[in-house]
Amino acid sequence: MRTTFGTFNIATSGLFASQRSLDIVSNNISNANTEGYSRQLVLQRATAPVGGDPRGLVGTGVEAYDVVQIRSQYLDNKYWGQMKSYSEWKTKSANLGEIESIFNEPSDTGIRAVMDQLFGGMEELVKKSGDNTSRVNVIEKAVTFSKTINGFGQQVVNNIRETNFAIKSRVEEVNALATQIKEVNEQIFNLELDGHKANSLRDQRNTIVDKLSTIVNVSASEVTGDNNVKYFNVKIGGMTLVNHYQVNKLMVDNIDVVGVSDHGAGKISIVKWAGTDGAPLDKVRIEGGELKGLIDIRDGDGNNHSYRGLPYYLGQLDKFSSEFAAKFNELHKAGYDLKGAKGINFFDEPADTTAPVDTTDDWKNITCINLKVNDLVKDDPTKVAASDIAGGESNNANAKILAAFRNRKDIFSGLNGTSDDFVKSILATLSVDANQANRMTINTESIVEQTNNKRLSESGVSLDEEMGNMVKFQHSYNASAKMITTLDSIMNTMINRLGLVGR
């Protein structure tokens with residue numbers, strides 16, 4: 001037998017369920033522009049029926065038993081996996097663009113321009129070999145040439161240093177984000193102990209993982225343990241970064257690197273796992289993200305088909321400086337200066353620092369950083385060896401040889417080309433690398449955008465859809481309220497009016 005107020009309870013349950021659904025719709029609309037927010041949905045079901053009626057079981061209403069997120073773990077993992085490639089190439093593209101701006105070609109201040117000015121000065125010396133003014137002009141052009149290369153080399157070294165600092169900053173950011181994930185895990189666990197859903201905190205955690213995926217290759221998963229307790233883990237290269245409540249932090253291990261440190265870039269930082277005592281452990285397997293891009297740019301020397309980063313272009317500048325100066329000095333020493341003395345090194349060759357000192361290959365110590373005109377030549381322009389014989393003041397034979405140096409193709413080892421060809425080969429390689437990085441950035445961005453659009457289409461809030469839901473639940477609420485009003489009227493008639501007729 002039904003209770004007198006059973007129908008009231010049914011109508012009231014519909015009222016409460018509609019009100020709960022309207023609450024969630026309101027929350028969805030309010031967070032339509034909130035970063036990382038996933039739309040929520042109220043799940044409803046009919047409550048258990050009761051017996052006692054000869055005609056069968058009678059329904060008892062509806063209940064809102066859960067509020068769920070509309071979010072795809074598959075799309076999240078896909079997005080995180082694609083984001084690492086996009087961030088890596090975006091970082092490489094930006095840094096290669098900076099290298100292009102350093103070389104600044106074509107321009108009036110690039111290496112090719114100042115080299116043309118140097119050889120133009122040599123041609124003027126051929127015309128006026130006995131004129132000291134022409135010698136001064138050659139020296140000034142050579143000083144400009146060497147300082148231009150010094151400046152380019154120093155800018156590359158500065159970029160290596162800045163990139164190293166950026167790597168340290170990204171490692172610190174990874175540690176900070178990992179700590180945030182751990183803290184959110186704790187909040188989620190505490191809130192869900194009684195069976196409720198901490199949907200907003202889960203959105204917050206996924207947003208943090210989104211940021212983390214731009215820095216380094218990560219994978220995240222939520223597993224269910226004993227008593228249906230859910231544990232959230234994050235890994236880098238198969239190694240655990242966050243194990244729900246535990247964080248394994250990264251650190252930078254500063255080491256000296258041959259070549260780069262000699263140019264003043266200092267120690268570089270290798271990313272490793274940090275032990276509990278703060279000591280470095282194994283190297284982190286970084287396979288993507290900004291960290292991968294920065295490390296390739298900082299360490300890529302092009303050897304054994306490795307990536308061509310800052311060390312490669314610094315090495316090319318070194319090769320150009322040392323071999324250009326060595327050949328030029330060889331020709332200059334074969335001539336005679338204005339006073340009839342044998343020619344000396346036009347460009348300075350730093351002495352070997354090894355013992356015993358080997359003076360036959362001092363040219364190998366010339367780099368793009370220390371390339372400079374010999375101080376003895378700068379202080380005394382008569383030491384420019386324009387003649388090929390002693391005492392030939394008006395002799396310009398050696399000056400012609402030096403002027404023709406620009407067309408020689410045997411200057412650089414491994415390259416059958418002129419000095420200009422060598423510089424153009426560097427610029428061509430840089431252009432290829434920069435274009436590749438730009439193309440990969442555009443391609444991976446398109447893939448990431450497509451996946452993100454799928455995520456938004458599933459998890460994002462559609463105002464049109466929510467407005468439709470609002471009207472639907474409003475009508476449902478009004479209908480339930482009308483049912484209560486109708487039942488109230490019936491009960492009023494039954495209690496207060498039945499039995500009064502005929503009195």
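This one's a predicted model, so the numbers in the text were calculated from it and none came from an experiment. Values below: every heavy atom of this structure, side chains too, minus hydrogens, waters and symmetry copies.
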inquiry  = Can you confirm whether the side chains of Thr207 and Glu35 place a donor and an acceptor under 3.5 Å from each other?
reply    = no

ask   = Going through the distances and angles, do Phe324 and Phe405 end up as a ring-ring contact (aromatic ring centres under 6.0 Å, His included)?
value = CA-CA 10 Å; Phe324 181 96; Phe405 185 75; 5.1 Å; yes

request  = State, with a plain yes or no, whether a side-chain heavy atom of Gln180 is found less than 4.5 Å away from one of Leu177.
outcome  = yes

inquiry  = Donor-acceptor pair, distance only, cut-off 3.5 Å: does the side chain of Asn248 make one with the backbone of Leu241?
reply    = no

message = Would Arg455 and Asp210 count as a side chain to side chain contact (heavy atoms under 4.5 Å, CB included) here? Give the steps.
response = CA-CA 12 Å; Arg455 287 209 309 172; Asp210 283 352; 3.2 Å; yes

query = Within a strict 4.5 Å, meaning less than it, do heavy atoms of the Gln316 and Phe422 side chains meet?
reply = yes

task = For the residue pair Asp421 and Thr418, confirm or rule out a side-chain donor-acceptor distance under 3.5 Å.
result = yes

message = Salt bridge check, Asp203 against Arg71: does any charged N sit closer than 4.0 Å to a carboxylate O?
response = yes

message = Looking at Ala428, is its backbone amide N or carbonyl O close enough to the side chain of Ser431 to form a donor-acceptor pair, meaning the two atoms are under 3.5 Å apart?
response = no

ask   = Can you tell me how far the CZ atom of Phe165 sits from the CG atom of Leu294, to the nearest 0.5 Å?
value = 12.0 Å

inquiry  = To the closest 0.5 Å, what do you measure between OG1 (Thr109) and CZ (Phe152)?
reply    = 6.0 Å

request  = Determine whether the side chains of Tyr37 and Asn28 contain a donor N or O and an acceptor N or O closer than 3.5 Å.
outcome  = yes

key: Asp380 side chain vs Leu376 backbone, donor-acceptor pair below 3.5 Å   = no

query = For the residue pair Arg39 and Glu458, what are the closest heavy atoms and their distance?
reply = NE-O, 3.2 Å

query = Between Lys272 and Leu281, is a side chain to side chain contact (heavy atoms under 4.5 Å, CB included) present by the stated rule, with each step listed?
reply = CA-CA 6 Å; Lys272 295 184 178 181; Leu281 301 176; 5.9 Å; no

message = How long is the straight-line distance from CG of Asn374 back to CD1 of Ile344, given to the nearest 0.5 Å?
response = 4.5 Å

key: Minimum-distance pair of heavy atoms, taken over all atoms of Trp89 and Ala437   = CE3-CA, 3.8 Å

message = Are the side chains of Leu41 and Ile24 in contact, using a 4.5 Å heavy-atom criterion?
response = no

key: For Asn217, the option from Lys235, Arg285, Glu287 that meets side chain to side chain contact (heavy atoms under 4.5 Å, CB included)   = Glu287

remark   = One should read off an interatomic distance between Lys84 NZ and Thr214 OG1, to the nearest 0.5 angstrom, of 13.5 Å

ask   = Could you give the distance from OG (Ser322) to CZ (Phe412), rounded to the nearest 0.5 Å?
value = 8.5 Å

key: Modelled atom types, side-chain donor and acceptor of Asn77 and Ser219, under 3.5 Å   = no

ask   = Is there side-chain contact between Ile99 and Leu96, with heavy atoms separated by less than 4.5 Å?
value = yes

ask   = Side chains of Gln154 and Asn158: do they bring a donor and an acceptor to under 3.5 Å?
value = yes

query = Is there a side-chain contact between Ile295 and Asp299, using heavy atoms and a 4.5 Å cut-off?
reply = yes

query = Are side-chain heavy atoms of Ser306 and Asp301 found at a separation under 4.5 Å?
reply = yes

query = So do Leu317 and Ile111 actually touch side chain to side chain, heavy atoms under 4.5 Å?
reply = yes

Thr240 side chain to Asn233 side chain, donor-acceptor N/O pair below 3.5 angstrom = no

task = Mind listing the closest non-hydrogen atom pair of Met83 and Ser213 along with its distance?
result = CG-OG, 3.6 Å

query = Stepwise, does the salt bridge (Lys or Arg N to Asp or Glu O under 4.0 Å) test hold for Glu172 with Lys168?
reply = CA-CA 6 Å; Glu172 292 173 358; Lys168 294 180 181 178; over 6 Å; no

query = Roughly how far, to the nearest 0.5 Å, is OG of Ser146 from CG of Asp348?
reply = 10.5 Å

request  = Verify the distance criterion only: is there a donor paired with an acceptor across the side chains of Asn159 and Tyr313 at less than 3.5 Å?
outcome  = no

key: Under 3.5 Å side-chain donor-acceptor pair for Arg298 and Thr163   = no

ask   = Looking just at side-chain N and O atoms, do Lys292 and Thr91 make a donor-acceptor pair shorter than 3.5 Å?
value = no

Side chain to side chain donor-acceptor pair (under 3.5 Å) partners for Glu222, two or more places apart = Arg202, Arg205

key: Evaluation steps, salt bridge (Lys or Arg N to Asp or Glu O under 4.0 Å), between Arg112 and Asp116   = CA-CA 6 Å; Arg112 297 178 65 196; Asp116 284 342; over 6 Å; no

ask   = Side chains of Ser21 and Gln44: is there a donor and an acceptor less than 3.5 Å apart?
value = yes

ask   = Is there a donor-acceptor pair closer than 3.5 Å between any side-chain N or O of Glu186 and the backbone N or O of Tyr245?
value = no

query = Does the side chain of Phe346 reach to within under 4.5 Å of the side chain of Leu402, using non-hydrogen atoms?
reply = no

note = Closest non-hydrogen atoms of Arg20 and Ala64, given as atom of the first, atom of the second and distance, are CG-CB, 4.1 Å

query = Which atom names give the shortest non-hydrogen contact between Ile411 and Arg408, and what distance separates them?
reply = CD1-O, 3.7 Å

ask   = How close do Val242 and Ile181 get, heavy atom to heavy atom, and via which atoms?
value = CG1-CG2, 4.1 Å

inquiry  = Before you tell me yes or no, could you show the steps for Lys92 and Tyr307 under side chain to side chain contact (heavy atoms under 4.5 Å, CB included), namely the whole-Å CA-CA distance, both residues' side-chain angles and the distance that decides it to 0.1 Å?
reply    = CA-CA 10 Å; Lys92 289 178 177 177; Tyr307 192 79; 3.6 Å; yes

query = With under 30° as parallel and over 60° as perpendicular, where do the rings of Phe328 and Phe119 fit, or are they tilted in between?
reply = tilted

